Amino acid sequence: MEIKKVMVIGAGQMGGGIAQVCAQAGYDVILNDIQEESFNKGLAVMTKNLARNVERGRMSEDDKEAVLNRITMSLDLSDAKNADIVIEAAVENMEIKRSIFAQLDEIAPAHTILATNTSSLPITEIAAATNRPEKVIGMHFMNPVPVMKLVEIIRGLATADEVYQAVEDMTNALSKVPVEVNDFPGFVANRVLMPMINEAVYTLYEGVATKEAIDEVMKLGMNHPMGPLQLADFIGLDTCLYIMETLHEGFGDSKYRPCPLLRKYVKAGWLGKKSGRGFYEYN
Ligand code: CAA
């Protein structure tokens, strides 16, 4: 199963980062979004990231141009007819993902692997929207994609071994580290990370300490690069709440109940860095 051409769906923070690392590793990339404006924004972020690599002497100007030239814009899912793998990084909504996968299944050649970058939605349920569940797999990159080494590779119930192997090989080719995980709510990354973030929000909610103190304890005490509340702002409080709800619903266990303060912030539109305000304020 040789992968040469990659289609990435969604040119946002995650999709743009995935497209960048694929193009840097020499893959031809079709970057798809429903809006040209989103593609242009994604491209601007990639150009800035690559320019930083040139400044730091990690790549030449020619290499930067070659990477950008490997990325082509797509506004039409039917471009999946040319892809060996599609990595979907659209919004975290099961209905939307199932609809995208059902369309991709119609369009893409029989050999094409359909991967999703979902952070917590069941791979098996997404796969069931297609007639090729053995070719559907989770490929969960971490944010910021160009910096973070991990890719959680999630096997759905029907994922074939050769598909897993091809995705593991591709992850290595991206200079990332693959870790194999089975399909249960939150996989490993978010099953462990989000309850920690949620507990930090409870700690703030109950007045145990200030937000700064909570973050300082975890940064200095546990050597985390960011405190949990700062990290929650960075990920997006709506995403954190959505993942907690997925864990709560998926396991039916009250230990995953989202903190009321997290709900309140999301209802207020305080979504973290992207909205200018979360636990902290951003310019
Ligand atoms: N895109 C590209 N590169 C970035 C970047 C971004 N958004 N943010 C930082 N970088 C690069 C910087 O350019 C810098 O590179 P060089 O100096 O080598 O050129 C390097 O990363 C370090 O950045 P800084 O010095 O500015 O800041 P830092 O040392 O604090 O590192 C960080 C920034 C890497 C984001 C670090 O704070 C960190 O590791 N934070 C935790 C990130 C994390 O936990 N991510 C997982 C989130 S959970 C997730 O993604 C899964 C999910 O489903 C929710």
Side-chain angles (χ1 to χ4, degrees), residues 10-24 41-59 64 67 87-93 97 115-123 138-154 171 174-179 181 183-198 200-201 215-216 218-220 222-247 250 256 258 262 266 271-274 278-280 282:
Q13 204 173 31
M14 295 306 287
I18 296 167
Q20 181 191 323
V21 296
C22 289
Q24 275 182 265
K41 268 194 198 159
L43 195 65
V45 173
M46 279 181 243
T47 307
K48 196 170 146 216
N49 287 341
L50 294 169
R52 188 176 169 87
N53 284 337
V54 175
E55 266 171 42
R56 300 245 156 175
R58 286 191 288 248
M59 101 181 348
K64 178 190 131 196
V67 169
I87 306 173
E88 172 274 323
V91 291
E92 290 286 79
N93 173 301
K97 290 205 193 286
T116 171
N117 178 56
T118 182
S119 56
S120 61
L121 291 172
I123 308 304
M139 210 177 171
H140 183 209
F141 291 80
M142 302 291 128
N143 188 19
V145 180
V147 180
M148 306 298 283
K149 283 280 173 206
L150 175 71
V151 181
E152 265 189 309
I153 306 183
I154 305 107
T171 304
L174 298 177
S175 302
K176 303 278 181 204
V177 178
V179 175
V181 170
D183 188 20
F184 284 94
F187 318 130
V188 173
N190 281 318
R191 180 155 173 191
V192 177
L193 174 68
M194 282 306 158
M196 184 197 71
I197 287 178
N198 197 45
V201 185
D215 278 347
E216 200 74 340
M218 298 306 285
K219 273 202 297 192
L220 299 183
M222 321 303 156
N223 238 359
H224 289 189
M226 288 175 161
L229 300 173
Q230 191 194 359
L231 181 58
D233 274 359
F234 173 73
I235 293 168
L237 301 192
D238 50 343
T239 303
C240 294
L241 177 60
Y242 187 75
I243 296 170
M244 282 312 294
E245 280 169 341
T246 305
L247 291 171
Y256 298 112
L262 181 61
V266 172
L271 305 181
K273 207 171 167 192
K274 65 184 169 188
F279 293 108
Y280 298 91
Y282 304 86

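Ligands are counted one by one from 1 in listed order, and the atoms in each one are counted from 1 as well. The model shown is predicted, which means the values in this text are computed figures rather than measured ones. Counting begins at 1 with the first residue of the sequence.
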Indicate the atoms forming the closest heavy-atom contact of L150 with E152, along with that distance.
-> CG-N, 4.0 Å
Grab the two heavy atoms, one from I123 and one from T118, that are nearest each other, plus how far apart they are.
-> CD1-CG2, 3.7 Å
Side chains of residues 235-245: which donor-acceptor partners sit under 3.5 Å, not counting sequence neighbours?
residue: D238; atom: OD1; partner: K274; partner atom: NZ; Å: 2.8
residue: D238; atom: OD2; partner: K274; partner atom: NZ; Å: 3.0
residue: Y242; atom: OH; partner: E92; partner atom: O; Å: 3.2
residue: E245; atom: OE2; partner: R263; partner atom: NH1; Å: 2.7

Of V145, I18, T171, the residue whose pairing with V151 passes side chain to side chain contact (heavy atoms under 4.5 Å, CB included) = T171
Could you list each nitrogen or oxygen of ligand 1 that sits under 3.5 Å from a protein nitrogen or oxygen, with the atom names and the distance?
residue: ligand 1; atom: 13 (O); partner: R52; partner atom: NE; Å: 2.7
residue: ligand 1; atom: 17 (O); partner: R52; partner atom: NH2; Å: 2.9
residue: ligand 1; atom: 17 (O); partner: R56; partner atom: NH1; Å: 3.3
residue: ligand 1; atom: 18 (O); partner: R58; partner atom: NH1; Å: 3.2
residue: ligand 1; atom: 19 (O); partner: R52; partner atom: NE; Å: 2.8
residue: ligand 1; atom: 19 (O); partner: R52; partner atom: NH2; Å: 3.3
residue: ligand 1; atom: 19 (O); partner: R58; partner atom: NH2; Å: 2.8
residue: ligand 1; atom: 45 (N); partner: N143; partner atom: O; Å: 2.8
residue: ligand 1; atom: 50 (O); partner: N143; partner atom: N; Å: 2.9
residue: ligand 1; atom: 53 (O); partner: H140; partner atom: NE2; Å: 2.8
residue: ligand 1; atom: 53 (O); partner: N190; partner atom: ND2; Å: 2.9

Side-chain donor-acceptor contacts of residues 226-233 below 3.5 Å, not counting sequence neighbours, with atom names and distances?
residue: D233; atom: OD1; partner: F279; partner atom: N; Å: 2.9
residue: D233; atom: OD2; partner: F279; partner atom: N; Å: 3.2
residue: D233; atom: OD2; partner: Y280; partner atom: N; Å: 3.0
residue: D233; atom: OD2; partner: Y282; partner atom: OH; Å: 2.6

Pairs satisfying salt bridge (charged side-chain N to carboxylate O under 4.0 Å, His left out), at least one member in residues 139-149, at least two apart = none
